[in-house]
**Student:** 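Have a look at the structure that comes next, please.
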Amino acid sequence: MTIQIVLALVIFAAAYFFIATEKLPRVMVALFGAGLMVIIGATDDHGIFFSEESGIDWNVIFLLLGMMIIVGILQQSGVFEFLAIWAAKRAKGRPFVIMVMLVVITAVLSAFLDNVTTVLLIAPVTLLICDRLAVNPVPFLIAEVMSSNIGGAATLIGDPPNIIIASRGGLTFNDFVINMAPIIAILLVVFVGMCWLMFRKQLQYNPDRVERVMALNEREAIRDVPLLIKSLVVLVLVLSGFILHSVIHLEPAIVALLGAGLLVLLTRLETRKIFADVEWETLLFFAGLFIMVGSLVNLGVIEMVGKAATEAVGTNYFGAAAGLLFGSAIFSGIVDNIPYVATLAPLTNDLVQAGGPDAQPLWWALALGADLGGNASAIGASANVVVLGIAARNGHPISFWMFTKYGLIVTAVTVSLSLPYLWLRYFA
Amino acid sequence: MHASDIQSKFPVVGRETSAVEAARLIAKDGRPGLVIADKEGKPVAVVSAVDVLGLLVPPYVLDDMSLAGVFDENAAEEMWNHASEHTIGELLDNDRVRIYDLLTVDADATILEVAAQMADARTQVALVASEGEARFVTLPAVMDAILRFCTPESKKA
């Protein structure tokens with residue numbers, strides 16, 4: 001092992017430590033780590049900007065950018081708030097029915113929007129509904145963020161790790177829908193049952209308060225009808241573009257960028273509003289991660305580990321899938337699942353390349369483990385942290401352990417149920 | 001004219017002051033903000049009137065402005081009952097609210113000096129450095145002083 005490899009591993013491990021412990025801003029750590037990789041000669045400008053194997057994955061960056069612009073504009077229409085209040089009124093103020101409807105709405109939205117955006121949209125309106133009903137909003141908020149993490153796993157664009165997996169594995173939007181959506185639908189039904197078991201005692205029905213929910217006017221939440229129509233049309237076009245990939249041969253990033261461009265053209269919003277929800281820090285964080293992982297690819301570290309993993313796995317791909325599923329869930333519960341998947345994706349790719357179609361399910365094991373593992377603790381996913389912040393700001397603090405207590409149960413059940421799915425679907 | 005010529009008393013509130021009391025102090029004389037004291041009662045910071053207004057509104061409505069329209073009149077009026085539950089301390093702990101350090105100006109500072117320092121610090125109230133009871137210069141007082149020296153538009157023509 002050369003000194004350069006040792007240095008690269010030290011930089012990588014240190015960056016992981018600081019990202020996991022959140023002692024420093026993660027974007028700063030990723031970019032600083034990337035800079036150090038350049039300084040030690042582990043990568044260079046050509047490798048960073050132009051290499052498909054070891055450079056920044058522009059497909060991921062621009063798919064995220066395009067979707068952030070589209071969702072940022074769509075959310076200004078107020079359609080999500082409309083949906084939530086409409087659901088609460090249809091449930092006639094019965095807390096558990098409202099919870100089920102909000103859980104399903106959140107999961108479906110999460111499949112098409114990123115999880116943080118989804119909870120930012122659903123949490124305030126949930127607080128409003130709970131305020132009207134005089135019920136504790138904490139069970140609702142916990143249930144929603146968990147359903148967001150579950151629902152996001154269903155599609156290519158639902159969770160950032162899926163975008164990385166799709167790009168590295170050459171997987172399409174339809175591949176995700178066919179392979180991930182069935183188990184996610186099952187897990188969602190199970191999760192609704194778990195919500196009943198975990199939260200039913202906290203959901204007191206108060207008939208006197210029902211009128212206060214029924215008096216809410218959801219139509220007032222829609223602030224801009226033309227904007228809503230244009231945004232929905234573009235979103236449908238973009239989703240069609242993803243689904244018709246095999247026909248139109250456009251990468252998801254290009255489809256998302258074209259959609260974003262069309263929406264900007266149609267809505268003629270101010271530049272400030274168009275880019276208001278673009279998380280530039282997240283995009284730079286991704287870039288920094290890709291450079292660090294790419295450096296390990298350049299130095300042959302990933303190939304070395306990949307070979308060792310391939311030898312260890314042999315042809316026992318179900319064993320590998322189980323290891324990847326549970327290992328990813330545990331790891332993702334402790335640290336951000338984005339750097340984890342950015343590192344594991346090239347390794348998994350080596351295993352899949354070596355094993356051919358028999359090893360293809362390893363991608364789904366990685367995606368399920370990483371996505372569902374985000375529920376395991378309060379810091380397991382960015383959406384969890386965001387909801388805890390909103391809850392505290394509104395006078396309903398959710399402690400780390402309160403969240404984690406429920407999170408561990410939900411993760412254990414959902415990940416455990418994913419294993420028989422993988423077995424029955426791909427290995428039986 | 002100097003800072004000491006336009007200084008006046010100004011209400012100083014603490015962490016425990018309720019949002020309703022703070023709102024009353026602002027509404028009474030159309031004050032642009034409030035001065036906040038530390039535990040020892042020493043004036044240390046300024047919060048703007050608009051931030052106190054934000055304290056009266058449920059946080060979830062501020063998080064999602066489209067929710068403000070869904071209440072009917074009765075429900076909207078009922079929402080203000082929550083205001084008494086909030087205190088100025090919440091503003092101090094809120095990362096989204098900018099609390100300005102209290103600017104101190106010399107008693108013999110000219111109006112230009114005072115205006116420049118307040119504009120630079122983006123504050124509506126400044127403490128006048130002097131012995132004894134705290135006195136402040138406020139944005140309306142500074143504006144009023146400036147206007148006395150401005151040539152009216154009609155005379156310019």
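Every chain is numbered from 1, with letters handed out A, B, ... down the list of sequences.
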**Student:** Inspect the surroundings of CZ in A:Arg268 and state if more than 12 heavy atoms from other residues, nucleotides or ligands are less than 6.0 Å away.
**Tutor:** no
**Student:** So how far is it from B:Tyr60 OH to A:Thr126 OG1, rounded to the nearest 0.5 Å?
**Tutor:** 11.0 Å
**Student:** Can you list every pair that meets salt bridge (charged side-chain N to carboxylate O under 4.0 Å, His left out) and has a residue in residues 72-85 of chain B, with sequence neighbours left out?
**Tutor:** A:Arg132-B:Glu78, A:Arg212-B:Glu78
**Student:** Against chain B, work out which of A:Asn394, A:Leu216, A:Asn217 has the most heavy-atom pairs shorter than 4.5 Å and name it.
**Tutor:** A:Asn394
**Student:** With a 4.5 Å limit on heavy-atom distance, are the side chains of A:Arg393 and B:Asp63 in contact?
**Tutor:** yes
**Student:** Should we count CD of A:Glu211 as having more than 12 external heavy atoms under 6.0 Å?
**Tutor:**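 For A:Glu211, atom CD is not crowded (no more than 12 foreign heavy atoms under 6.0 Å).
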**Student:** Taking side chain as everything from C-beta outward and backbone as N, CA, C, O, which of these in A:Ile222 sits under 4.5 Å from a heavy atom of chain B? Side chain, backbone, both or neither.
**Tutor:**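 It is neither, since no heavy atom gets under 4.5 Å.
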**Student:** Where does A:Leu127 contact chain B at under 4.5 Å (heavy atoms): side chain, backbone, both or neither?
**Tutor:** both
**Student:** Is it the case that atom CE in A:Met402 sees more than 12 heavy atoms from other parts of the structure closer than 6.0 Å?
**Tutor:** yes
**Student:** In Å, rounded to the nearest 0.5 Å, how long is the span from OG of B:Ser66 to CZ of A:Phe80?
**Tutor:** 10.5 Å
**Student:** Taking every heavy-atom pair that is under 4.5 Å apart, which of A:Gln75, A:Arg219, A:Glu81 has the most such pairs with chain B?
**Tutor:**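 Max contact count across the listed options: A:Glu81.
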**Student:** Report the option among A:Gly395, A:Gly78, A:Ala215 that has the most heavy-atom pairs separated by less than 4.5 Å from atoms of chain B.
**Tutor:** A:Ala215
**Student:** Quick one: closest heavy-atom pair of B:Asp64 and A:Leu121, and the distance?
**Tutor:**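 Heavy-atom minimum between the residues: OD2-O, 4.0 Å.
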**Student:** In this structure, are over 12 heavy atoms from other groups packed under 6.0 Å from B:Met143 atom CE?
**Tutor:** no
**Student:** Can you tell me how far the CD atom of A:Glu220 sits from the CG atom of B:Leu67, to the nearest 0.5 Å?
**Tutor:**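 Between A:Glu220 CD and B:Leu67 CG, I get 12.0 Å after rounding to 0.5 Å.
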